[in-house]
There are 2 protein chains.
Amino acid sequence: MANIKDIAKKAGVSVTTVSRVLNNHPYVSEDKREAVLRVMEEFNYQRNINAVHLSKGETLLIGVVVPFTNHPYFGLLVEGIANEAMKNNYKLVLFQTNYQEDREIEALKMLQHKQIDSLIICSRICEWDVINQFTEYGSIVLCEDARNRNVSSTFIDHYMSFSNALEYLHNKGHQKIGYCIGRKTGANSRQRGKAYADFLKRIDEPYKEEYIFYECLHFEHGEEVVRRLASLDNPPSALLVTSDFAAAGIVTSCREKGIHIPDDLAIMGFDNQPIAKIMHITTLEIPLVQMGRQLLLQAIDGKKHTHEEISVKLIERQTV
Amino acid sequence: MANIKDIAKKAGVSVTTVSRVLNNHPYVSEDKREAVLRVMEEFNYQRNINAVHLSKGETLLIGVVVPFTNHPYFGLLVEGIANEAMKNNYKLVLFQTNYQEDREIEALKMLQHKQIDSLIICSRICEWDVINQFTEYGSIVLCEDARNRNVSSTFIDHYMSFSNALEYLHNKGHQKIGYCIGRKTGANSRQRGKAYADFLKRIDEPYKEEYIFYECLHFEHGEEVVRRLASLDNPPSALLVTSDFAAAGIVTSCREKGIHIPDDLAIMGFDNQPIAKIMHITTLEIPLVQMGRQLLLQAIDGKKHTHEEISVKLIERQTV
DNA sequence: TTAAATTATGAAACGCATTTCAGAGCAAGA
DNA sequence: TCTTGCTCTGAAATGCGTTTCATAATTTAA
């Protein structure tokens, strides 16, 4: 395959001039420019991108870390990131970690090795001290409140929004409220957990372990929740479900079992995915696509660390 | 940042020796190896991957083209690809095309520019003559029957499986059968369309345009299908729905409207996603994760073109 | 008309690791 | 003792485009 040298020789110019043509620099006379273009055409010249990367020290590649690609929350987030990446001529390198730390570290190492220009971590398992070791190598963007950290972040105030959601249910007359969440740990989960504990204290209700359901990510997990709910002597009258799909699964399972919603059980979803609209699920809208967009912009603009709080909106429908 | 030369100098060896240490070549004496490792440690040496890429002419990056990341079909497929990529030390570059041809071409161009070693196209919009222009630059793997083409492929026989599904419904007493599908064009859609047309001929039923529903991808699209169904004078008694999520949406919408399944309307899904199990939807199992795995292996093994047919399995549940 | 500013062009350095080739040293086999 | 055949090492070539710097040729401004 022809390289820049071959083109230069054939066109009777220097490689510098060819490079100028390639990069649309001014200061190339019209006739030489044309000569170069003609030869490039003739040789079907393909610029070796790796040489460009080596030379420029950048790759126009941005890493995206997600625990699962196959989850509507991350699906929408990645969609937002992908769309904005396209606009800015960046490509994405996808890291599916399944929440395995070594896989997350692999992504960080790619940043370190300059194989990607920056890294967006949509959900993290690593501790901060691990991440801190890599911040010098490129911009890292988190999807959680990281205002006091050495990275950029786009986040929603999960403490506040969870508190508000609980308050909303409480105002609707619910006292016994439980919640379903994806995982126990993780910054966002902890914020929500704290909001929950504080809320219980505020309304003077005891903390009941059996009111909390973990690993609640997908539609199909709703069934298990309803089954466990049925086994409780004193079940909650309302459930905050941090995924609309899981909420939809719960609603579906309840219908099957004759549990009436919202009278027997009130359900409040999160995200405002399309399924929530169809199934008339009251939910807290989280603008995931917009967040993805913002994450990418922060990743590109690696110079300074910025922090964007995104606000959520309660969408009232028929499950509360 | 230190480079291989600095390390060599400091360790008192040649760059060749450092390179040997880096690549675990034999023929390096123990003392020199240790000296090199010590200096690398001291300098916190990071190998410049782009230089490696340039030198080796490969990137260990594989492109994955999907129309949408946020769709359970592609979600599972990508999950399979991602898992296998991990095992083989490859990383993925994600291209979300939204079925825009220029975006697909961008991916092909990255192959051409050797920025990725090979390309997996999970669903294509480009014509063959476009793809053919790029086959020389690296291995291209398709997720459709491409046995007579210059690429590798992993596919299921959509004609056969669609025919069998239709036959199954027919045997259950259905004569008026319609189907829902993601898009009109595309190799797989055409195969299914042909199977449908042939089936109608076989059972001597007229082809009714209004029995076919396009753009049926997500749960929420089920509602629209049911609405349109209700407006038909002579609605089908059974529906083949090429996505379990859409099928689930239809089932849900029918329940709301009091349409009884399977008596008033039989539904058969595709993929056997978890949601199908929970909602007791009869479906055709497509082993997407396994397919993803296979696609990646073919992408890596770029030497020869192979073609793998994956078989499907009917899962009988309660919607037919 | 002269000084200053533009435009145009190329040689060479730079980014960095891999790989080929040549050669030295040493041990095993004939 | 001589020949093979390993083991070990490094110089130099290779992959390829970008960028800096120096210089020449024109224009424009003064």
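In the text below, chain A, chain B and the rest are named by the order of the sequence lines, each starting its count at 1.
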>> Using a 4.0 Å heavy-atom cut-off, does B:Asn23 contact any base of the nucleic acid, only the sugar-phosphate backbone, or nothing at all?
In response: sugar-phosphate
> Of all the choices, D:dG10, D:dG17, D:dT9, which nucleotide is nearest to the side chain of B:Val13 once you look at every atom?
Replying inline: D:dG10
> Rounding to a whole Å, what distance do you find between B:Ile4:CD1 and D:dA13:P?
Replying inline: 18 Å
>> What is the separation between atom CG on A:Leu54 and atom C1' on C:dT18, rounded to the nearest whole Å?
In response: 12 Å
>> The side chain of A:Asn48 is closest to which nucleotide in this list: D:dG17, C:dT19, C:dA17?
In response: D:dG17
> Which part of the nucleic acid does B:Ser29 contact within heavy-atom distance under 4.0 Å: base, sugar-phosphate only, or nothing?
Replying inline: sugar-phosphate
> In whole angstrom, what separates A:Asn50's CG from C:dT18's P?
Replying inline: 14 Å
>> What is the distance, to the nearest angstrom, from the NZ atom on B:Lys5 to the C1' atom on C:dT18?
In response: 14 Å
> How would you label the contact of A:Arg20 with the nucleic acid (heavy atoms, under 4.0 Å): base, sugar-phosphate, or nothing?
Replying inline: base
> With a 3.5 Å cut-off and just heavy-atom distances, do the side chain of A:Thr16 and the base of C:dA11 make a donor-acceptor pair?
Replying inline: yes
> Backbone N or O of B:Thr185 within a donor-acceptor pair of the B:Ser189 side chain at under 3.5 Å?
Replying inline: yes
> OP1 or OP2 of D:dC8 less than 4.0 angstrom from a side-chain nitrogen or oxygen of B:Arg33, does that happen here?
Replying inline: no
> Choosing from D:dG15, C:dA12, D:dC16, which nucleotide comes nearest the side chain of A:Val15?
Replying inline: C:dA12
>> Does B:Lys109 form a salt bridge (Lys or Arg N to Asp or Glu O under 4.0 Å) with B:Glu106? I'd like the steps, not just the answer.
In response: CA-CA 5 Å; B:Lys109 284 202 168 152; B:Glu106 261 186 52; over 6 Å; no
>> When you measure from the side-chain N and O atoms of B:Ser19 to the phosphate of C:dT18, is any distance below 4.0 Å, counting only OP1 and OP2?
In response: yes
> Given C:dT9, D:dG17, C:dA17, which nucleotide is nearest the side-chain atoms of B:Asn3?
Replying inline: C:dA17
>> Please report the distance, rounded to the nearest Å, between CG in B:Asp6 and P in C:dC14.
In response: 13 Å
>> Taking any heavy-atom pair under 4.0 Å as a contact, classify B:Val18: base, sugar-phosphate, or nothing.
In response: nothing
> How are the rings of A:His71 and A:Phe68 set to each other: parallel, tilted or perpendicular (split at 30° and 60°)?
Replying inline: tilted
> Between the side chains of A:Ser19 and A:Thr16, is a donor N or O closer than 3.5 angstrom to an acceptor N or O?
Replying inline: no
> Quick one: B:Glu30 CD to D:dT7 P, roughly how many Å, whole number?
Replying inline: 15 Å
> Rounded to the nearest Å, what distance is computed from the CG atom of residue B:Leu22 to the C1' atom of nucleotide C:dC16?
Replying inline: 11 Å
>> Using the side-chain heavy atoms of B:Lys32, tell me which of these nucleotides is nearest: C:dC16, C:dT19, D:dT9.
In response: D:dT9
> Are a donor atom and an acceptor atom from the side chains of A:Thr97 and A:Glu104 found within less than 3.5 Å of each other?
Replying inline: no
> Taking atom P of C:dT19 as reference, at what distance in whole Å does atom NE2 of B:His25 sit?
Replying inline: 6 Å
> If each of A:Thr17 and A:Tyr27 is mapped to the nucleotide of DNA chain C with the nearest heavy atom, which maps nearer the 5' terminus, i.e. the 5' end?
Replying inline: A:Tyr27
> Between the side chains of A:Glu144 and A:His158, does any donor sit under 3.5 Å from an acceptor?
Replying inline: no
>> On DNA chain D, compare the nucleotides closest to B:Ser55 and B:Pro26; which residue's is nearer the 5' end?
In response: B:Pro26
